[in-house]
Amino acid sequence: MGAMRIGYPCINRTLGCVGARTLRLRSYSFPRLEEVMASNLDCLETMLHWNVDHGLRFFRITSDLIPLASHPEVRPPWQERIGERLSKIGRWVSEQGVRIDMHPGQYTVLNAKEDRIVSNALLDLAYHCDVLDLMGLDRSAKIQIHVGGVYGDRAASMDRFVSAAQRLPKRIRARLVVENDERGFPLADCLGLSRRIGIPVVFDAYHHSLFNRGEPLREALATAEETWGSEDGIPIVDYSSPAPGGRFGRHAETLDDRHFKRFLAQSVPHDFDLMLEIKDKELSALRAAALAGDDVRLIT
DNA sequence: AATGGTCAAGTCAGC
DNA sequence: GCTGACTTGACCATT
């Protein structure tokens with residue numbers, strides 16, 4: 001079994017640098033964008049080095065790396081300005097065995113009914129893909145999205161997702177992975193979409209615990225795993241636990257060690273990279289890495 | 001310097 | 001039809 005890489009999304013609070021500085025539309029100018037991009041890249045590099053120094057070899061790059069990059073009214077020519085720098089970072093990352101992924105937010109809806117929304121989603125996916133392509137990363141560097149809205153008709157909404165995904169340029173489809181969510185499309189639906197489109201499923205264990213069709217964790221991990229081809233890298237799994245006393249779907253502030261150990265024990269023998277979607281980010285990731293390193297997975 | 005309202009964007013529930 | 005929640009950090013106008 002390969003070693004599980006553990007990661008966290010976008011932000012390192014220990015370092016305190018800001019890797020997601022942004023711009024308002026009103027304050028947009030290309031020179032300002034250049035300044036913000038450079039500053040975000042500085043922070044990205046700092047975080048990546050910190051991660052490697054601390055044994056964390058999985059990281060989600062923020063969608064805000066290049067502010068307004070995919071805004072249809074702005075479309076700044078950012079690629080030529082930072083392409084070389086991204087490629088340098090990407091080369092280093094690859095040498096270090098670090099895996100990267102990205103996760104467009106809730107506003108990127110591939111299965112929307114309105115054409116305008118879909119075409120904006122396409123622009124946004126192209127932006128994410130540009131970042132990973134310019135970094136020179138192989139196709140195990142994924143872009144994960146949710147299916148989108150249900151619009152009162154699950155089947156039709158899944159059909160729209162399929163046809164939009166099938167129209168994507170090859171380079172984007174090669175990076176696209178679909179993730180089960182906690183209210184619209186559970187794992188079973190994502191597996192169906194995966195079969196139709198030929199893209200892997202990112203299994204989100206927390207969402208699955210909140211919304212499922214009765215599949216036990218082991219079975220869920222196994223079926224999601226089958227959707228990953230050899231070029232896709234080992235599967236990506238997202239993990240969190242409920243915030244005590246929080247509303248439905250809220251993510252924990254910090255790692256629940258016992259919950260996590262139970263998860264690890266149940267995940268044997270599946271091999272995957274694990275993204276910890278927990279609010280205190282790198283602190284929980286470090287603790288999780290320590291727990292995972294202690295052969296917790298062998299003590300079932 | 002500190003504060004608090006606002007922000008590119010979409011969906012859904014509740015009125 | 002409209003508003004606020006979602007979730008959340010950072011911007012930026014105001015003090």
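Labels below follow one simple rule: chain letters A, B, ... track the order of the sequence lines, proteins then strands, and each chain is numbered from 1. None of the values given here were measured: they were computed from a predicted structure.
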Take atom CZ of A:R26 and atom P of B:dA9, then tell me their distance rounded to the nearest Å. 14 Å
Can you measure A:L65 atom CG to C:dG9 atom C1' for me and round it to whole angstrom units? 15 Å
Which class fits the ring pair A:Y8 and A:W50: parallel under 30°, tilted 30 to 60°, perpendicular over 60°? perpendicular
Grab the OH-C1' distance between A:Y8 and C:dG9 for me, whole Å please. 16 Å
Given the C1' atoms of B:dT3 and C:dC6, what is the spacing between them in whole Å? 24 Å
Closest approach to the side chain of A:L25, judged atom by atom: which nucleotide of B:dA8, C:dT7, C:dA10 is it? B:dA8
Can you tell me how far P in B:dT6 sits from the matching atom in C:dT3, rounded to whole Å? 14 Å
Is the distance between the ring centroids of A:Y239 and A:H259 less than 6.0 Å? yes
Separation between the P atoms of C:dC12 and B:dA9, rounded to whole Å: 16 Å
Of C:dC11, B:dA8, B:dG10, the nucleotide closest to the side chain of A:Q106 is B:dG10
Between C:dG9 and B:dT11 - P atom distance, rounded Å: 24 Å
Given side-chain contact (heavy atoms from CB on, under 4.5 Å), test A:R160 with A:V147 step by step and report yes or no. CA-CA 10 Å; A:R160 279 196 311 279; A:V147 183; over 6 Å; no
Choose from B:dA8, C:dA10, B:dG10 the nucleotide whose nearest atom is closest to any side-chain atom of A:H71. B:dA8
Hey, which of A:H103, A:H207, A:R60 is the one that makes side chain to side chain donor-acceptor pair (under 3.5 Å) with A:E277? A:R60
Report yes or no: do A:Q96 and A:N51 form a side-chain donor-acceptor pair below 3.5 Å? no
Using whole Å, report how far CD1 of A:I278 lies from C1' of C:dT7. 16 Å
In dot-bracket form, how is DNA chain B paired, counting a Watson-Crick or G-U wobble pair only if both its distances are under 3.5 Å and using | for bases paired to another strand? |||||||..||||||
Considering every strand and a 4.0 Å limit on heavy-atom distances, what is the contact class for A:V74: base, sugar-phosphate, or nothing? nothing
Give me the one residue out of A:R57, A:K142, A:R5 that meets side chain to side chain donor-acceptor pair (under 3.5 Å) with A:D273. A:R5
In whole angstroms, how far is the P atom of C:dC6 from the CG atom of A:L210? 15 Å
Considering every strand and a 4.0 Å limit on heavy-atom distances, what is the contact class for A:S27: base, sugar-phosphate, or nothing? sugar-phosphate
I need the single residue from A:I143, A:L65, A:I66, A:D133 that forms a side chain to side chain contact (heavy atoms under 4.5 Å, CB included) with A:H128. Which is it? A:I143
Stacking check A:Y107 vs B:dG10 (5.5 Å / 30 deg): no
Taking side-chain contact (heavy atoms from CB on, under 4.5 Å) as the definition, give me every residue that meets it alongside A:D189, ordered by chain and number, with sequence neighbours left out. A:R154, A:M158, A:F185, A:P186, A:R213
P atom, B:dG4 versus C:dT7: distance in rounded Å? 24 Å
When all nucleic acid strands are considered with a 4.0 Å heavy-atom cut-off, which category describes A:D64: base, sugar-phosphate, or nothing? base
Would you kindly give the CZ-to-C1' distance between A:R60 and C:dT7, to the nearest whole Å? 14 Å
Identify which one of A:H270, A:R99, A:E225 satisfies the side chain to side chain contact (heavy atoms under 4.5 Å, CB included) criterion when paired with A:I234. A:R99
Which atoms form the tightest heavy-atom contact between A:D238 and A:L274, and what is the distance? C-CD1, 4.5 Å
Atom NE2 of A:H251 and atom P of C:dT7 are separated, to the nearest Å, by 7 Å
Counting heavy atoms from C-beta on, name the nucleotide in C:dG9, C:dC6, B:dT11 closest to the side chain of A:I11. C:dG9
Heavy-atom nearest pair, A:A243 first then A:Y206, reads N-OH, 4.4 Å
Whole-Å gap separating P (B:dT11) and CZ (A:F185): 11 Å
Contacts under 3.5 Å, N or O only, protein and nucleotides 4-6 of chain B:
none

At 4.0 Å (heavy atoms only), tell me whether A:R247 reaches a base, stays on the sugar-phosphate, or touches nothing. sugar-phosphate
